[in-house]
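Remember, it's 1-based here, ligands and their atoms both numbered in the order they're listed.
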Amino acid sequence: MNKIYLDHAATTYVKPEVIEEMTQVLVQFGNPSSTHSFGRSAKSLIESSRKQIAALLGAKAKEILFNSCATEGNNWIIQQAVKSLGVTRIISSEMEHHAVLYPVKAWQKEGIAVEFVKVLADGQLDLVHLESLLQNNQPTLVSLMHINNETGIINDLVGIGNLCKQYSAYYHADMVQSVGKYPINLAELPVDFMVASAHKFHGPKGAGLVYVKSPLVLQPTILGGEQEKGYRAGTEAPHQIVGMAKALELSYEHLEAEHTHIQALKQYTLEQLQQHLPGTEPNGNPEMTTYNILNVRLPLSAEKASMLLFALDMKNIAISRGSACQSGSGKPSHVLACFLNEEQGAKPNIRISFAENNTKEEIDYLVAALTEA
Ligand code: PLP
């Protein structure tokens, strides 16, 4: 059996068509800021990618800005909501990715009010609590992700966004785990800011994007040039941007077929785990989690659990416990800690995240490896 990769929420392989396009662009080495023909062709590649991505996401081209990754995008929006928009309070959730939580907590230390929405027992956000927080009339940024990267729990993006509109708060959504996985029409979504990252949808690492709903304007955090209309200085990477556009195009071209295959595989995985390892339980209501992420608690002793990922790695199986940043740590997940009770939280958990090239045979091999663990 070849190596088995079931960690696609951490990152995805780059599709061959994407590599091909990126390679062609790498050969055209012009600096997009140069006014000669080398520069102009590089610039035009960036602008046609911007139009293509905007069209795929239902945005205007001027609302899409390119950067290096979603961490950068989240940091920029959260920093500039305070500096450029005069926000004095941020409402978020303890289940956010650290790329949101850390900049939010950094503002808290600076005296910005920070409030966290309560989480219900099934891992859903308590929107009644969100509404009660919003009633206090204060310039507010709400920063709540669309799909959680550890559990796959889908937040009610539209419900949250409508509440934000109703109470005149800005809404920032980390949409890293949904862009390229679900149809998205930003023109119709009540979202002011969102971020995405190419390496989560079979594009290259080092390429991200931010959406800023027109006519909102944020000031730059990185200074030093007029790139990205002055909002993000630094020579652009045309090959990364073209790769991101191609990857997004492919994701949407094959969305339906891939969704169906992956959803069936996720269902099969849970059934097999529950059959061969009775006591396996999903974290988060499966009805309310995304089709490509399965997070489960396993009926294994703490002793076995501590070596589990290592044992699977020895069998050429790549999965993780939570976000890639913490999967090597023995600490309990900050996301699961928000809604599991003590007994549930004490059980070892794993996150299995799928792509279209995973097969039932791979799942059988994983389940056998876990049963032997
Ligand atoms: N937000 C979410 C929900 C993620 O899953 C990730 C990646 O794990 C990030 C942000 C950070 O993305 P990037 O690797 O592009 O910085």
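Residue contacts with ligand 1: Ile147 is placed with no nitrogen or oxygen under 3.5 Å of a nitrogen or oxygen of the ligand (distance criterion only).
Interface atoms of ligand 1 facing Cys69, defined by a heavy-atom separation under 4.0 Å, are 13 (P), 15 (O), 16 (O). Using a 4.0 Å cut-off to heavy atoms of Asn149, the atoms of ligand 1 that qualify are 3 (C), 5 (O). Counting atoms of ligand 1 from 1 in the listed order, those under 4.0 Å from a heavy atom of His199 are 13 (P), 14 (O), 15 (O). Annotation for ligand 1: atoms under 4.0 Å from non-hydrogen atoms of Lys200 are 5 (O), 6 (C), 7 (C), 8 (O).
Using cut-offs of 30° and 60° on the angle between ring planes, the pair Tyr182 and His259 is perpendicular.
Here the side chain of Glu72 pairs a donor or acceptor atom with the backbone of Ser68 at under 3.5 angstrom.
For atom 15 (O) of ligand 1, the choice among Ala99, Gly208, Ser197 with the nearest heavy atom turns out to be Ser197. Residue nearest to atom 5 (O) of ligand 1, selected from Gln177, Glu96, Glu72, Met145: Gln177 (by heavy-atom distance).
When all heavy atoms are compared, the tightest approach of Leu120 to Leu125 is CD1-O, 4.0 Å.
Taking the six-membered ring where the residue is Trp, the centroids of Tyr171 and Phe193 are separated by 6.0 Å or more. Between His202 and Tyr13, the distance separating the two ring centers is shorter than 6.0 angstrom.
Geometrically, Lys360 engages Tyr268 in a cation-pi contact, judged by NZ or CZ lying under 6.0 Å from the ring centre and within 45° of the ring axis.
The part of Asp174 lying near ligand 1 is the side chain, judged by heavy-atom distances below 4.0 Å.
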